[in-house]
Amino acid sequence: MTPSLTAAQARRIAVAAQGLAETKPRAEVSRAHLRRLMSRIQVLQMDSVSVAVRAHYAPVFSRLGGYDRAVLDRAAWSHSARSPRLLVEYWAHEAALVAVDDWPLLRWRMRQYTRGRWGNVAPNPRLADAIVAAVTELGPATAGQIEEHLAGRPKRGKGTWWNRSETKWVAEALFAAGVLTTATRVGFARHYDLVANVLPAQVLAREVDDDEAVRELVLRAAGALGVATEADLRDYFRLSAAQTKPAIAQLVAAGELEPVQVAEWGAAAYLRAGQSIPRTDRGTALLCPFDPLIFFRPRVHRLFDFHYRIEIYTPEPKRQYGYYVWPFLLDGELVARVDLKADRQHDALHVVGAFAEGGQSRPRVADALVAELESMASWLGLSRVTVGSSGDLAGPLRRR
């Protein structure tokens, strides 16, 4: 008989699997803390929106507290004999930072992306070769710097053999194909370099069978999610059903995954072998829109009865909650939504709007949220928190 879990048990497992139910470190957050966290959540999604803080910094704060962002920067963008690069950028969930050692697990995807992630980059072998040669000569360079370098080369024959607008597209295709990677980012601009200049030789030399790589990615997703449906497991690394279904069957046969029934889920679910079931609800944190706990919106609704959508691209008059809304996790439940902005001009973390979920005690939520907002403001180097007028939680927040 298939074991069963209550909806509350599944929610507790999911929160704990993401490292959100643990006490935040009292000591200064170190590279070792970051490595342990990445071994649990696997990916830090990247995004260009910076209204509050870049997306890849936020999940670390949510789990480890007010850390020095330079720790993450060094892990992702620098390398030395004493402190080798820990993370590298690639298309994992979306654009994301993953462990350097996991690069071989994504080679099958690099082979699929030889024409770019969307398969829409027209072949231009001469331009691709020229970009690789330019990066070889220049070292880490932006697409703009590569364009300038190519524009300065002597023309051979009549006419042009490339269009400047192509350079970024082809450089991105080379990134997706695993020929180039990100050496560093400056002001969020990607500086491309040859993969061999960024990743260790032993990592590049390691070959992993495609089916084995997919099984490992599904297993990692299961560990990060705790308990999950096939669709949940598929979404974490953006796999296909054709990949995940046989991988799940093989992992179940090997005893790595355990089929379970979760009340009210309406779909088969799988528990990571050895996963314990917490007895109480724990975990309090602000979650950015790209946090791994809330990647997959159908799962968020299933786990928390919380309907969540990003409204960045919604015209302002039609937004329900705001531009960049952070769900608030309190004692293992999503209880509120907070539209946040880092207002550097006024040295404040500004709460544009705050909304409590139905049935929640606004005084209780506001009390806990104040502490999280003050912690976040301090982490971002802002001296205070200001509160706007939007939402039923704004008044209680201002009074506190």
Side-chain angles (χ1 to χ4, degrees), residues 8 11-12 14-15 18 20-21 24 49-53 55 57-59 61-63 65-66 280-291 293-295 297 299-380 382-400:
R11 186 182 67 246
R12 291 169 190 158
V15 172
Q18 282 282 313
L20 285 158
K24 294 178 174 67
V49 176
S50 59
V51 65
V53 64
Y57 293 115
F61 166 74
S62 298
R63 290 153 179 79
T280 57
D281 287 313
R282 295 185 61 191
T284 296
L286 283 161
L287 305 174
C288 90
F290 302 102
D291 191 280
L293 180 66
I294 56 174
F295 273 162
R297 309 312 187 205
R299 176 178 169 83
V300 175
H301 189 264
R302 203 183 323 120
L303 278 171
F304 299 100
D305 192 23
F306 189 90
H307 182 78
Y308 182 54
R309 296 292 184 271
I310 297 177
E311 298 182 272
I312 292 172
Y313 303 110
T314 302
E316 187 172 359
K318 296 184 178 181
R319 290 178 194 145
Q320 185 176 4
Y321 297 109
Y323 179 77
Y324 201 70
V325 174
W326 298 55
F328 180 44
L329 184 76
L330 175 59
D331 294 334
E333 297 187 63
L334 294 179
V335 299
R337 307 162 196 253
V338 193
D339 186 14
L340 291 177
K341 177 182 179 180
D343 186 351
R344 299 288 176 184
Q345 183 177 353
H346 296 96
D347 193 24
L349 177 63
H350 183 56
V351 178
V352 182
F355 307 81
E357 288 295 286
Q360 295 294 329
S361 164
R362 288 195 291 273
R364 170 180 172 264
V365 173
D367 281 342
L369 183 53
V370 163
E372 291 299 312
L373 290 168
E374 289 178 343
S375 174
M376 184 174 179
S378 175
W379 173 56
L380 296 177
L382 301 168
S383 64
R384 61 198 179 113
V385 177
T386 58
V387 183
S389 59
S390 180
D392 61 348
L393 200 54
L397 276 179
R398 277 198 305 276
R399 286 192 291 274
R400 282 158 178 74

Chemist: Arg364 side chain to Gln360 main-chain N or O, any donor-acceptor pair under 3.5 Å?
Modeler: no
Chemist: Give the minimum heavy-atom separation between Ile294 and Cys288, together with the two atoms involved.
Modeler: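 Of all heavy-atom pairs spanning Ile294 and Cys288, the closest is CD1-O, 3.3 Å.
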Chemist: Parallel, tilted or perpendicular, judged at 30° and 60°: which one describes the rings of Phe306 and Tyr308?
Modeler: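 Taking Tyr308 first and then Phe306, their aromatic rings sit tilted (interplane angle of 30° to 60°).
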Chemist: What distance separates Thr386 OG1 from Leu397 CG, expressed to the nearest 0.5 Å?
Modeler: 11.0 Å
Chemist: Are Ile312 and Tyr324 packed together at the side-chain level, in the sense that at least one heavy-atom pair is separated by less than 4.5 angstrom?
Modeler: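 Yes, their side chains come closer than 4.5 Å.
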Chemist: State which residue, out of Tyr321, Phe328, Trp326, fulfils the ring pair (Phe, Tyr, Trp, His ring centres under 6.0 Å) condition with Phe355.
Modeler: Tyr321
Chemist: If you look at every heavy atom in Ala394 and Val387, which pair is closest and at what distance?
Modeler: O-CG1, 3.6 Å
Chemist: So does Thr314 get a backbone contact from the side chain of Arg319, meaning a donor-acceptor N/O pair under 3.5 Å?
Modeler: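 Confirmed, Arg319 side chain pairs with Thr314 backbone.
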Chemist: Kindly give the heavy-atom pair with the smallest separation between Gly322 and Asp339, and that separation in Å.
Modeler: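 Looks like CA-OD2, 3.3 Å.
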Chemist: Less than 4.0 Å between a side-chain N and a carboxylate O, is that true for Arg63 and Asp291?
Modeler: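 Arg63 and Asp291: salt-bridged.
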Chemist: Could you report the tightest heavy-atom contact between Ala336 and Leu393, atom names first, then the distance?
Modeler: CB-CD2, 3.8 Å
Chemist: For residues Val370 and Arg400, report the shortest heavy-atom separation together with the two atoms involved.
Modeler: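 Minimum heavy-atom contact is CG2-CB, 3.7 Å.
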Chemist: Is the ring pair His301/His307 parallel, tilted or perpendicular, if the boundaries are 30 and 60 degrees?
Modeler: perpendicular
Chemist: Between Arg384 and Asp347, does any NZ, NE, NH1 or NH2 come within less than 4.0 Å of an OD or OE carboxylate oxygen?
Modeler: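 No salt bridge links Asp347 with Arg384.
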Chemist: Could you state the interatomic distance from CD (Glu333) to CD (Glu357), rounded to the nearest 0.5 Å?
Modeler: 10.5 Å
Chemist: May I ask you to test the Leu340-Val351 pair for a side-chain heavy-atom distance under 4.5 Å?
Modeler: yes
